[in-house]
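Below: one structure, written as structure tokens.
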Amino acid sequence: MKMFLVMVISIITVSVLITFSTIRMSNNLFMETFSITNTKVLNQIKQQFESYSYSVAYTTMNVQDNGTIKRLLNKEDLNSLEEYKTYYAITEQMERIYSDSPDQTNMIVLGKNGRLFNMRYNYWPVTADELLHHPITDRLNEKPNQILYQYIPSSDITHGRNMIVASKALTERSTGDVYGYVFIPIHERDVQAIYEGFTNDGNSVVIMNGDGDVVSSNQKQWIGERAPNLLAAASREASGPVKYEDVTALDKEYMMMAESLPALDMYIVNLIDQEVVIDNLIDTKELVLISVGIVILAVGVVFIISRRMTQSLSRLVGQISNMAKHDFRKPVDESGGYEARELGAAFNYMLNELQDHVDILLKTQRQARKSELEALQHQINPHFLYNTLTSVKFMVKDGKKEAAFDTIDALIPLLQNALGNVDETITVEQEAANIDHYILINQMRYGDRIKVSTLISPDCLHYHLPKLVIQPFLENAFFHAFTEKKRGYIQILIAQRENRLVCEVVDTGDGMRVDTFNEKKEKRNLFSGIGIRNVHDRIQLLFGEEYGVEISSELKKGTKVKIILPLIEENPKNRTISKDNTNLGKS
């Protein structure tokens, strides 16, 4: 298996490294070639825009220098005939000038007197009043000596179209006063035609103005978006030689190249989605599938060869696994190759030795467990006897001989019960009798100031329980629960609950701090006597951790002890324990 894993890991590692190295080298080569190509493309697009800018500048100069247009835009109060002649004259002049305008554009001349001359009314059917009060005209008044390229997003004035308007204020050379305006609008779709042939999937072009607004793009959803991050990156790129830079803009990461159009106050930005472009260039899926196919083929060959070499060993491993699950005593077959036979013989010898050791160990553990239970039992008995004899001593000292005799008569059956076999159990009915004897012994000393009542469910009388599991808690209640309080009650309850035998000792005494049995480390104030701790340990040794003792107590209100036992219906040597997997919660 180790040889097989080493071969598999080596083959997979080599295949993965070669695949990724090939992809990386292809990516690097592609990006270098792609950047060179796109640099040339950007220069071509820039030249076309510069040519357009030159045509716009030439056209606006012709309009500015045309005296006929100037006179007609400055005349006021014309009659119908004069207005007709004016319209004819200015149209003739504009047609001459318009022949030199860029293709796919319109030319509009507007005078401050409200006269508007539109060469292609269908291209942009705008009125003189709309233009005179539009922000693009306000900006012309602010910068009358500049040609401004202004973006107008889709609106009522553009009839639902995005436009870029090249505009120039017409001014008196002597005074600088503005007497009119010339507008050369171009639809965004016509701008897109300039660069559309250079775009494809993953390779996009964005035209943005100096405010960071996307005024044109082959990606329709970007038009009108404001991208300050892209503007900042474009201004950095345009200030030096053309190179590409990684940038995050328009909700995605791109490789970016940019060129500046200072005459238009715009930037040409080339955004390259590397994932899309490389996926179109390199079929990564096919490359990975070929590598996976080679790995699977190589692994299959290695597996067949190694399997033939280790088949006998695998069979031996299978026998050992089945033996561990089903029959630990069954030896393995000593067959197969030399190594498998030697291993089988050695394993069978070890198995025999191990079985002998297990038998000895089990016997030792049973003896140790019985000795531990006896030690716990003997720890309880002297403690109980000591407390009882102390009570008898005080009775004799006080001259209560008859009470002392009655106490000793009650003590004798209790000692007979305690000095039996550690594995023996007694019935609930017998335990009730022992409790009565014990109550008698203690009431001889305490009198009636501590009253005791016993409530035992009749359906529990035949069940068995270990000796001396209730007595230590009753003793603890008598001796320690009423230190501050001088009077109170002790109640003993035995009943069947949820397939468990539950014994409770409840007192109305001083109460105490109680820490849970479930924690393994020692806690102070857990119990006041060693016998109580031993009862819990003894129950868990006999029946498991789901049984034991639980204590709840509240200062100055009393203590409640719950003893949880299985339902034992027969004698200790051949008893049946009725139990389920349900744990009883603490009261």
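Position 1 is the first residue of the sequence; numbering continues from there.
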Exercise. Given V269 and M256, is the side chain to side chain contact (heavy atoms under 4.5 Å, CB included) satisfied, shown in steps?
Worked result: CA-CA 7 Å; V269 182; M256 184 204 75; 3.5 Å; yes
Exercise. So do E504 and K560 actually touch side chain to side chain, heavy atoms under 4.5 Å?
Worked result: yes
Exercise. For the atom pair CG (N348) and CG (L343), what is the distance rounded to the nearest 0.5 Å?
Worked result: 11.0 Å
Problem set entry | Donor-acceptor pair, side chain of S553 and main chain of G558, under 3.5 angstrom | yes
For this session: Heavy atoms only: give me the nearest L501-L567 pair and the separation to one decimal.
Result: N-CD2, 3.5 Å
Exercise. Should the heavy atoms of other residues, nucleotides or ligands under 6.0 Å from CD of Q221 be counted, would the total exceed 12?
Worked result: yes
Exercise. For L465, which of I568, T427, I426 qualifies under side chain to side chain contact (heavy atoms under 4.5 Å, CB included)?
Worked result: I426
Exercise. Would V502 and I563 satisfy side chain to side chain contact (heavy atoms under 4.5 Å, CB included), going step by step from the backbone distance to the final call?
Worked result: CA-CA 6 Å; V502 179; I563 306 165; over 6 Å; no
Exercise. Just how far is it from atom CD1 of I294 to atom CD1 of I12, taken to the nearest 0.5 Å?
Worked result: 13.0 Å
Problem set entry | Nearest-0.5 Å distance, CD of residue E429 to NE2 of residue H464 | 10.5 Å
For this session: Tell me, please, which residues at least two apart from K252 pass side-chain hydrogen bond (donor to acceptor under 3.5 Å, both in side chains).
Result: D273
Exercise. Can you check whether Y547's main-chain N or O pairs, donor with acceptor, with Q540's side chain at less than 3.5 Å?
Worked result: yes
Exercise. Hey, is CD on Q219 packed in by over 12 heavy atoms from elsewhere, all under 6.0 Å?
Worked result: yes
Seminar exercise, completed: To the nearest 0.5 Å, atom CD1 of I456 lies from atom CG of L461 at 6.5 Å
Exercise. Atom SG of C460 and atom CD of E431: how far apart are they, to the nearest 0.5 Å?
Worked result: 13.0 Å
Exercise. By side chain to side chain contact (heavy atoms under 4.5 Å, CB included), which residues pair with L297, not counting sequence neighbours?
Worked result: none
Problem set entry | Closest non-hydrogen atom pair between I490 and A477, with its separation | CD1-CB, 3.7 Å
Exercise. Can you find a heavy atom in the side chain of Y438 that is under 4.5 Å from one in the side chain of I470?
Worked result: no
For this session: Quick one: closest heavy-atom pair of V392 and A404, and the distance?
Result: CG1-CB, 4.3 Å
For this session: Determine whether P466 and V469 make a side-chain contact, defined as any pair of heavy atoms from C-beta on separated by less than 4.5 Å.
Result: yes
For this session: Ignoring hydrogens and angles, tell me if any N or O in the side chain of H536 forms a donor-acceptor pair with the backbone of G548 under 3.5 Å.
Result: no
Problem set entry | side chain to side chain contact (heavy atoms under 4.5 Å, CB included) between T248 and Y254, worked out | CA-CA 6 Å; T248 301; Y254 295 95; over 6 Å; no
For this session: Compare every heavy atom of V452 with every heavy atom of I439, then report the nearest pair and how far apart it is.
Result: CD1-CG1, 3.3 Å
Exercise. Taking only residues two or more places apart in sequence or in another chain, which ones pass side-chain hydrogen bond (donor to acceptor under 3.5 Å, both in side chains) with D213?
Worked result: R226
Exercise. Taking the side chain as C-beta and beyond, is there a heavy-atom pair between T559 and I551 under 4.5 Å?
Worked result: yes
Exercise. Any side-chain heavy atom of W222 within less than 4.5 Å of one from L271?
Worked result: yes
Seminar exercise, completed: Tightest non-hydrogen contact, residues A233 and V247, listed as CB-CG2, 3.9 Å
Exercise. Stepwise, does the side chain to side chain contact (heavy atoms under 4.5 Å, CB included) test hold for N352 with M350?
Worked result: CA-CA 5 Å; N352 293 332; M350 181 193 68; over 6 Å; no
Exercise. With a 4.5 Å heavy-atom cut-off, do N270 and V206 have their side chains touching?
Worked result: no
Exercise. Given side chains that start at C-beta, do those of L231 and M208 come closer than 4.5 Å, heavy atoms only?
Worked result: yes
Seminar exercise, completed: By salt bridge (Lys or Arg N to Asp or Glu O under 4.0 Å), K557 pairs with (sequence neighbours left out) E554
Exercise. Distance-only, no hydrogens or angles: does the D510 side chain make a donor-acceptor pair with backbone N or O of K485 under 3.5 Å?
Worked result: yes
Problem set entry | Test item: Y489 and I450 side chains (from C-beta on) under 4.5 Å apart, heavy atoms | no
Exercise. So how far is it from L411 CG to L440 CG, rounded to the nearest 0.5 Å?
Worked result: 11.0 Å
Exercise. Would you say K220's side chain and S217's backbone share a donor-acceptor pair under 3.5 angstrom?
Worked result: no
Exercise. Do we see a donor-acceptor contact under 3.5 Å between the side chains of N434 and Q430?
Worked result: no
Seminar exercise, completed: For D409, the side-chain hydrogen bond (donor to acceptor under 3.5 Å, both in side chains) test, sequence neighbours excluded, returns none
Problem set entry | Non-neighbouring partners of S457 that pass side-chain hydrogen bond (donor to acceptor under 3.5 Å, both in side chains), sequence neighbours left out | D459
